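Input: a single structure, listed below in C-alpha cells.
What you see is a predicted model; the values in this text were computed from it and never measured.
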Amino acid sequence: MSTEEPQHDAAETHRTTTELQPYKDPEVLEKLYIEDEHTQAEIGDFYNIDQSTVSYWLDKYGIEREERDLYRSESDDGRIQYTVPEEETRFYQYQLNALLDYGTDEVFSPFTDVHHLMAGPYAVDLPANLRVMNRKEHMKSHAQGTAVDPPSTILQFYFDDDPDDYAYFGSKEERLEDWERLKEKHGIGDVDRGGE
C-alpha cells in the first residue's frame with residue numbers, strides 16, 4: 001500500500017476552488033467590478049461574503065478601476081445611495097428629490113430626516129411622498145408606530161388612484177400584492193440602472 005499522496009495539478013485545484021467560490025476567480029471579479037461596475041458591497045452581497053473579502057481578492061489580483069467622482073448603490077428596498085469618495089460624503093435619492101420642495105439646509109441638516117409618508121417594501125421617493133421632519137420627532141413617530149401615514153396622499157395626489165383599492169394596512173402578503181400592482185401600474189420600485 002503506497003503512502004504517497006496523490007499529485008494534484010495546480011490548475012485543476014484553482015479551477016475547483018473558483019467553481020465553488022467564484023469570487024476568487026480574477027476573470028469573474030474583473031467582469032463584475034470593472035465591466036459591470038458593481039460595488040464591492042454588491043459583489044459581497046451576491047456571494048454572501050463580506051465586502052472586505054471582495055476587497056482582499058481584488059487587491060490580490062491587482063484589479064482596480066478608475067476612481068469616479070460619484071458612486072451609486074441600491075439597497076434591496078430600492079433606496080439609492082450616492083457616495084462622493086473624495087469628500088467621504090453620502091446622500092440618498094430621496095434627499096435629492098426632497099430638494100424640489102425643501103431647502104438644502106432643511107434636507108441636509110443634522111437635526112432633520114426626510115420621512116416617507118407612504119412606506120412599503122419599495123422606496124417611493126416621489127416628492128409628494130417626502131416630508132422633512134425634526135430628527136427626534138421622526139424617530140419618536142417610528143418608535144410609536146405612527147410614522148406611516150395612509151397612502152391616500154400619494155395614491156390620490158400623484159397617481160389619481162382610490163386608496164380603498166389597496167389593503168395597505170392588511171397582512172404582509174396583501175401589502176406585497178398591492179405593491180406589485182402599484183409597481184405594474186405606475187412603475188413604483190423600478191430603478192433605471194443605466195441601460196440594463
Side-chain angles (χ1 to χ4, degrees), residues 3-99 107-110 112-116 119-125 129-130 135 138-139 142-143 147-148 172-173 175-176 179-180 182-183 187-196:
T3 58
E4 284 184 31
E5 297 215 7
Q7 297 294 318
H8 293 287
D9 182 352
E12 178 67 22
T13 300
H14 176 74
R15 186 175 62 76
T16 303
T17 300
T18 57
E19 285 174 0
L20 296 173
Q21 300 168 321
Y23 58 87
K24 293 183 178 180
D25 185 332
E27 292 175 6
V28 169
L29 281 176
E30 190 163 343
K31 177 172 182 357
L32 292 171
Y33 192 62
I34 304 295
E35 294 175 28
D36 297 344
E37 296 187 352
H38 289 288
T39 65
Q40 292 179 21
E42 289 171 335
I43 296 169
D45 288 346
F46 182 76
Y47 289 113
N48 200 26
I49 57 174
D50 194 69
Q51 175 271 328
S52 62
T53 303
V54 176
S55 180
Y56 168 82
W57 288 101
L58 289 170
D59 289 344
K60 179 176 174 116
Y61 295 127
I63 299 172
E64 297 178 5
R65 66 176 168 204
E66 289 182 28
E67 282 294 317
R68 294 184 289 178
D69 294 332
L70 183 68
Y71 290 91
R72 178 183 179 273
S73 61
E74 179 185 343
S75 63
D76 291 340
D77 67 356
R79 291 181 197 251
I80 299 169
Q81 182 181 50
Y82 298 97
T83 304
V84 182
E86 188 89 10
E87 299 176 21
E88 297 181 14
T89 303
R90 294 179 181 185
F91 54 91
Y92 289 90
Q93 182 68 49
Y94 61 81
Q95 290 174 307
L96 294 178
N97 293 356
L99 290 172
V107 172
F108 293 106
S109 167
T112 62
D113 285 326
V114 177
H115 170 66
H116 288 79
Y122 303 109
V124 181
D125 293 337
N129 189 42
L130 305 173
R135 178 163 284 166
H138 186 234
M139 292 172 68
H142 277 279
V148 179
K172 181 177 181 180
E173 290 79 21
R175 291 192 321 263
L176 288 171
W179 277 98
E180 285 302 317
L182 279 170
K183 182 178 178 182
I188 290 176
D190 290 344
V191 177
D192 180 6
R193 297 177 181 269
E196 284 191 3

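The heavy-atom pair separating S55 from Q40 by the smallest distance is CB-OE1, 3.1 Å. Considering every non-hydrogen atom in both V107 and Q95, the closest pair reads CG1-O, 3.5 Å. Considering all non-hydrogen atoms of both residues, D125 and N97 come closest at O-ND2, 2.6 Å. Heavy-atom minimum distance, E42 versus E37: OE1-O, 4.5 Å. In plain terms, the two heavy atoms of T83 and R90 that are nearest each other are OG1-CG, 3.7 Å. When every heavy atom of S73 is checked against every heavy atom of T39, the shortest pair comes out as CB-CG2, 4.4 Å.
Between L58 and E64 there is no side-chain heavy-atom pair separated by less than 4.5 Å. Considering only heavy atoms from C-beta on, W57 comes within 4.5 Å of T53 through its side chain. V114 places none of its side-chain heavy atoms less than 4.5 Å from the side chain of Y92. Put simply, the side chain of I49 reaches to within 4.5 Å of the side chain of Y23, judged on heavy atoms.
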- Message: Between K31 and D36, is the side-chain contact (heavy atoms from CB on, under 4.5 Å) condition met? List the steps.
- Response: CA-CA 6 Å; K31 177 172 182 357; D36 297 344; 3.1 Å; yes
- Task: For H115 and L130, run side-chain contact (heavy atoms from CB on, under 4.5 Å): C-alpha distance rounded to whole Å, both residues' side-chain angles, the deciding distance at 0.1 Å, then the answer.
- Result: CA-CA 6 Å; H115 170 66; L130 305 173; over 6 Å; no
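For OH of Y47, the number of neighbouring non-hydrogen atoms (other residues, nucleotides, ligands) closer than 6.0 Å is greater than 12. Heavy-atom contacts from other residues, nucleotides or ligands closer than 6.0 Å to CZ of R135 number more than 12. By the neighbour-count criterion of 12 heavy atoms within 6.0 Å, atom CG of D69 is sparsely surrounded, having that number or fewer from other residues, nucleotides or ligands.
Once rounded to the nearest 0.5 Å, the distance linking CD of Q81 with OH of Y71 reads 14.0 Å. If you take CG on L29 and NE2 on H38, they are separated by 12.0 Å, rounding to the nearest 0.5 Å. Taken from CD in E35 to CD in E30, the straight-line distance is 6.5 Å, to the nearest 0.5 Å. Atom CG of L32 is separated from atom CD1 of I43 by 5.0 Å, given to the nearest 0.5 angstrom. Atoms CD and CD, from Q93 and E74 in turn, are 10.5 Å apart once rounded to the nearest 0.5 Å.
D50 contributes a side-chain N or O that, together with a main-chain N or O of S52, makes up a donor-acceptor pair within less than 3.5 Å. Checking side-chain atoms of D25 against main-chain N and O of E27 turns up a donor-acceptor pair under 3.5 Å. Looking only at distances, a side-chain donor or acceptor of Y61 sits under 3.5 Å from a matching main-chain atom of K24.
With sequence neighbours excluded, the residues satisfying ring-ring contact (aromatic ring centres under 6.0 Å, His included) with F91 are Y82.
Taking the six-membered ring for Trp, H116 and Y94 have ring centres closer than 6.0 Å.
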